[in-house]
Amino acid sequence: MPSESMNIRASTLAGWPMTKSLSGPTTYEVLRDHGVDRRTFLKFATGITATMGLEATFVPQVVHALESKPRIPVLWMEGLSCTCCTESFIRSSHPLVGDVILNMLSLDYHPTIQVAAGFQAEEIVDKLIHDKPGQYVLAVEGNAPLADGGVYCLEGGRTFEDRLREAASKARFVVAWGNCASAGCVQAAAPNPTQATPIGKMISDKPVINVSGCPPIPIVMTGILTYILTFDRLPELDRLGRPKMFYQHRIHDKCYRRAFFDAGQYVQSWDDEGARLGHCLYKMGCRGPTTYNYCSTFKWNDGVSWPVGSGHGCLGCSEPGFWDDGPFFQRLANIPQINIDSWPETVGKVVAGAAAIGAGAHAVSAIAKNAVKPTEKVPVESSSGVKGEE
Amino acid sequence: MAIETRPFTTEDFARNPDDYYRAGYVWQVPVRVTHWVTALSITALFLTGLYIANPVFSPEGEAWKNFTMGWMRKIHFAAGFIFAVSWLTRAYWFFAGNNYARSGFPMFWRAGWWRDLWHQLWEYLKLKRGPIHLGHNALGGLSYTLGVVVLGAFQILTGLALFSQDAPTGPMNRLFGWLLPFLGGPFRVTSYHLLAAWFVFTFVILHVYIVIYDSTQYRNGLISGMITGRKFYQRGDKVQDTWLG
Ligand code: SF4
């Protein structure tokens, strides 16, 4: 048996395993119904195992879980968001990944892609909350504005905050999808007029998994749900509540331009020789060194490319507050905290320069003063005995 | 006895050193060693740190033949660890050393320290030199504490936290990694680390200037004292150090 890797250290939670109480068709059964053959299914299981950072010996376990365990019902809610998470999610170019995401979750309610609308759709939510309490997963895209009683986001005549709290109270756990839900994103950027609040700050009695990114990579969602199905527990989370298996390393740690970074070769302007040679984008404001995400490992659009791959620095979209850390194309942010519109080095130079000028001025005045006035009392004569100046 | 007011001269000293001009042992070996280790490591840290923040020069040729940023970072990390050890040693010597080793720290629990502080501040506001101390005066000690001890601790902690990102499962990350989200994420911590480095540099400018000024003006062996451990004083000077207890 393979030893358990750090990725699957148990998160101790009351009430697990979660899949015990579920009923309905398994993921594999649903895939078969959709015409996916077994070979393709096994390929998917192998791929997803590797994505989760597990070794090949785990493949049978993953296959077994997908074959034997019922799908997880998902209630997908959208608050203040741009829907880019959904766009990312339904446009995963690998057909099977998209298929599996849509089928693996029994996506009972999704405001953007469901057919139902109006009262009919809202009924589904109520039904899910009342029929499957403690079973469904609440996936939240976007966040809730709390200012003025939450009136800045209304759905079906109720505030989103209200709906969210109701749905979360009966959920098994909550997946905060994207930077909006996990950290606030652009609507929570300073000065945050609607008081947009990330889900993790509103819900404290349920585990909240932050799947950050703007948007996150689709495979990350699949990976997390497969993990939960397979091992019957939540993945290990980092300090910001993001699953470690995808958010443990920085973009910079696995960036293919890292060799240029270490060599000291940087793009200096967008159209210079270095840009053509693919040098590191550090000086163009790349946030890779401080951003934890999966892009440099898995890339986007089925491995076609990713921001750094297309010559644009990372914006740090999976980090909290990245909108406030601008300008994006500058190595370090201006200092908003003390409201000085310049970056740390400029501030530092000013302070150090002032000190140098002060010291210089003092030296000049001291020399000038010395020329005319003595500064110390000294007895000029003394005998062999001890004498003081007093 | 005729008292003339003028600075010391070498002749005064040569004529009668024992009279009003004594050498007192002030800085013990650990104080001196950590001082110079700190000075050298801070220099290395600041220069490499500036390059890491803003790599102003780039090597030519193939990437695999060069390691400029790599070396800058390696030197920065090594110097950082040396500085941290030096800081800890010096902090230990606060407890183990002589009274002068304690003079650089605010003893705010002692009334004498406050008296010395206000007295010194008042004299400085009058643009006077104030009473002479063999160690630090309370005000100088406070600046030292803020400029070296506090800023140094901040740089060590944020530096270790940023460094720990290289090995996310390592012990360093467990010890210091929590600081990153606590201070607003690694990106902001990078900014604070750089900003604090400039404050340290500011302290260094003032420190070096004041030391040179004081030493040449008053011939008290302020600079050589950090090498030999001895400083010169006049009768009555030591009285001011009484707040040290
Ligand atoms: S391009 Fe960005 S992520 Fe890649 S090595 Fe350079 S700084 Fe790091």
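Numbered from 1 within each chain, the chains take letters A, B, ... in sequence-line order. All of these numbers come straight from a predicted model, not from anything done at the bench.
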_Between A/Arg287 and B/Phe187, is there a side-chain heavy-atom distance shorter than 4.5 Å?_
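In short, these two side chains touch, coming nearer than 4.5 Å.
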*Do the non-hydrogen side-chain atoms of A/Arg331 and B/Asn54 ever get within less than 4.5 Å of each other?*
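When only atoms from C-beta onward are counted, B/Asn54 and A/Arg331 do not touch, as no gap falls below 4.5 Å.
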At a 4.5 Å cut-off on heavy atoms, which part of [X] comes close to chain A: side chain, backbone, both, or neither?
X: B/Val56; answer: backbone
X: B/Ile52; answer: both
X: B/Tyr51; answer: side chain
X: B/Phe199; answer: side chain
X: B/Trp71; answer: neither

*asked:* A quick test of your reading: do over 12 heavy atoms of other residues, nucleotides or ligands sit less than 6.0 Å from CZ of A/Phe329?
replied: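 Enclosed: over 12 neighbouring heavy atoms sit under 6.0 Å from CZ of A/Phe329.
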*Would B/Asp166 and A/Arg250 satisfy side-chain contact (heavy atoms from CB on, under 4.5 Å), going step by step from the backbone distance to the final call?*
CA-CA 9 Å; B/Asp166 278 358; A/Arg250 291 169 296 182; 2.5 Å; yes
Tell me the closest heavy-atom pair linking [X] and [Y], and the distance in Å.
X: A/Thr290; Y: B/Pro186; answer: O-CG, 3.5 Å
X: B/Asn173; Y: A/Arg239; answer: O-NH2, 2.7 Å
X: B/Met69; Y: A/Phe261; answer: CB-O, 3.0 Å
X: A/Gly264; Y: B/Pro59; answer: O-CD, 3.4 Å
X: A/Ala352; Y: B/Trp198; answer: CB-CE3, 3.8 Å

*Tell me, for A/Arg257 versus chain B, whether the close heavy atoms (under 4.5 Å) come from the side chain, the backbone, both or neither.*
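For A/Arg257, no heavy atom lies under 4.5 Å from chain B.
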_Atom group of A/His249 that falls short of 4.5 Å from chain B, counting heavy atoms_ =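 The side chain, not the backbone.
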_Using only atom types and a distance under 3.5 Å, with no angle test, would you say the side chain of B/Tyr209 pairs donor to acceptor with the backbone of A/Ala355?_
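No: the side chain of B/Tyr209 does not pair with the backbone of A/Ala355.
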_Neighbours of chain B found in residues 265-280 of chain A - heavy atoms under 4.5 Å_ =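 The list, in residue order, reads A/Gln265, A/Tyr266, A/Gln268.
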Got a second to check how far [X]'s [atom1] is from [Y]'s [atom2], nearest 0.5 Å?
X: A/Lys244; Y: B/Thr169; atom1: NZ; atom2: OG1; answer: 8.0 Å
X: B/Phe67; Y: A/Asp262; atom1: CZ; atom2: CG; answer: 5.0 Å
X: B/Leu180; Y: A/Leu240; atom1: CG; atom2: CG; answer: 9.5 Å
X: B/Gln165; Y: A/Tyr292; atom1: CD; atom2: OH; answer: 3.0 Å

_List the residues meeting side-chain contact (heavy atoms from CB on, under 4.5 Å) with B/Glu62, not counting sequence neighbours, and say none if there are none._
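Per chain and number, B/Glu62 pairs via side-chain contact (heavy atoms from CB on, under 4.5 Å) with B/Trp64, B/Lys65.
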_Residue, of B/Pro181, B/Gly177, B/Gly70, B/Gly185, that accumulates the most heavy atom pairs under 4.5 Å with chain A_ =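 With the most close heavy-atom pairs to chain A, the winner is B/Gly177.
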